[in-house]
Amino acid sequence: MPELPEVQTVVNQIKPILIHKTVESITPVWPKVFHNFTSEKAQQKIKRGRIIDVSRRAKFIIIKFTENIIAIHLRMTGKLYLLRDHETLSKYTTAYFTLKNGGKLIFDDVRKFGRIYLYKNTGPIDERHGPEPLEKSFTSKILINLIKSKKRNIKALLLDQSMIAGLGNIYADESLWKSKIHPNSLSHKIPKKRIENLYKNIKIILTNAIEQNGTTIIDFSVNGKSGKYTNELKVYGKRDIKCFNCNNHIIKIRVAGRGTYICSKCQKKYK
DNA sequence: AGGCGTTCCTGGGGGC
DNA sequence: TGCCCCCAGGAACGCC
């Protein structure tokens, strides 16, 4: 399940290859993959468009053209990679971009949750997303204010993209474990000091994960290479394994409708 | 306000 | 071995 570090990894990998390339066309293999536009509209807006930048906002991959952007959300099983002309399409391809001078940018998605969006700019995405946790402007004060101003389950809050952008199930669990906060804590009951610690840990964990090219769970990979952060995980997927901090065993519970891994001894529940 | 259920999807794991 | 059932989950949406 691609989260901020995995999406950033994809961007880092494809940006040098895509930048300044011209997109001849975008083809939907599975019709519903275009979320807010049609093939005709894509032809009209993107045809022979030159890619001027590739970046990330929240969990979206942003491909910038002169007048428009294409935003791609990988959701659970989406993959984006380059394919040479002689190579065959995977059975899971839901869309592809034909590049001028050869090659295709492939969007594969086994579960078909991933979508492609066409916008003028990132405005519509910015509107429904909170701050970027790795931006300098995202201060501990902002996180404290965010968490203290809500009376919510902390894990649900961290997963809510309109609160903070980019965290998903894996990094929310890892961040809460490292910060010794139980995911069923109520946000406004968490002490300021704990939130400051959580703030630091979110930054550390996301930064390290990007350096390791993300986490490979199920089948996220970039050009066949696995993300090495899988080796750094401390709680996610570690059911019955001994906690790195104490001798307690990691358990799996359900929080905010998600499978959640915790050390019930280390992580304090603020209620 | 916020929690919860539902929807979208399909591979794969568990049970028998 | 094979078949069926059900689960996993990010985000949007409706309901209470």
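A, B, ... follow the sequence lines: proteins, then strands. Residue 1 opens every chain.
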Can you check the [X] [atom1] to [N] [atom2] distance for me, whole Å?
{"X": "A/Asn184", "N": "B/dG3", "atom1": "CG", "atom2": "P", "answer": "10 Å"}
{"X": "A/Phe60", "N": "C/dA11", "atom1": "CZ", "atom2": "P", "answer": "7 Å"}
{"X": "A/Asp109", "N": "C/dA8", "atom1": "CG", "atom2": "P", "answer": "19 Å"}
{"X": "A/Ile72", "N": "C/dA11", "atom1": "CD1", "atom2": "P", "answer": "16 Å"}
{"X": "A/His35", "N": "B/dT7", "atom1": "NE2", "atom2": "C1'", "answer": "12 Å"}
{"X": "A/Met163", "N": "C/dA12", "atom1": "CE", "atom2": "C1'", "answer": "15 Å"}
{"X": "A/Ile170", "N": "C/dA8", "atom1": "CD1", "atom2": "P", "answer": "15 Å"}
{"X": "A/Leu159", "N": "C/dG9", "atom1": "CG", "atom2": "P", "answer": "10 Å"}

Below 4.0 angstrom from OP1 or OP2 of [N], is there any side-chain N or O of [X]?
{"X": "A/Arg111", "N": "B/dG11", "value": "no"}
{"X": "A/Lys112", "N": "B/dC8", "value": "no"}
{"X": "A/Arg128", "N": "C/dA12", "value": "yes"}
{"X": "A/His73", "N": "C/dA11", "value": "yes"}
{"X": "A/Tyr92", "N": "B/dG11", "value": "yes"}
{"X": "A/Arg254", "N": "C/dA8", "value": "yes"}
{"X": "A/Lys151", "N": "B/dG3", "value": "no"}

Centroid under 5.5 Å and tilt under 30°, A/Phe113 to C/dA11: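 Not stacked by the 5.5 Å and 30° rule.
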
State which of [options] makes the closest approach to the side chain of [X].
{"X": "A/Arg258", "options": "B/dG3, B/dG11, C/dG9", "result": "C/dG9"}
{"X": "A/Arg75", "options": "B/dC9, C/dG10, B/dT10", "result": "C/dG10"}
{"X": "A/Lys150", "options": "B/dC9, C/dG9, B/dG2", "result": "B/dG2"}

So, [X] versus [Y]: side-chain donor-acceptor pair below 3.5 Å or not?
{"X": "A/Thr94", "Y": "A/Asp109", "value": "no"}
{"X": "A/Ser149", "Y": "A/Asn145", "value": "no"}
{"X": "A/Lys155", "Y": "A/Asn169", "value": "yes"}

Under 4.0 Å between any heavy atoms, over every strand shown, what does [X] touch: base, sugar-phosphate, or nothing? Just pick one.
{"X": "A/Gly168", "answer": "nothing"}
{"X": "A/Asn169", "answer": "sugar-phosphate"}
{"X": "A/Glu3", "answer": "nothing"}

Positive for salt bridge (Lys or Arg N to Asp or Glu O under 4.0 Å) with A/Asp53, one of A/Lys15, A/Lys64, A/Lys21: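 Testing A/Asp53 for a salt bridge (Lys or Arg N to Asp or Glu O under 4.0 Å) against A/Lys15, A/Lys64, A/Lys21 leaves exactly one candidate, A/Lys15.
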
is_close_aromatic(A/Phe138, A/Tyr199), centroid dist under 6.0 Å: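 Yes, they do, as the ring centres are separated by less than 6.0 Å.
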
Plane angle bin for A/Phe60 and A/Tyr117 - parallel if under 30°, tilted between 30 and 60°, otherwise perpendicular: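 Rings of A/Tyr117 and A/Phe60: perpendicular, over 60°.
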
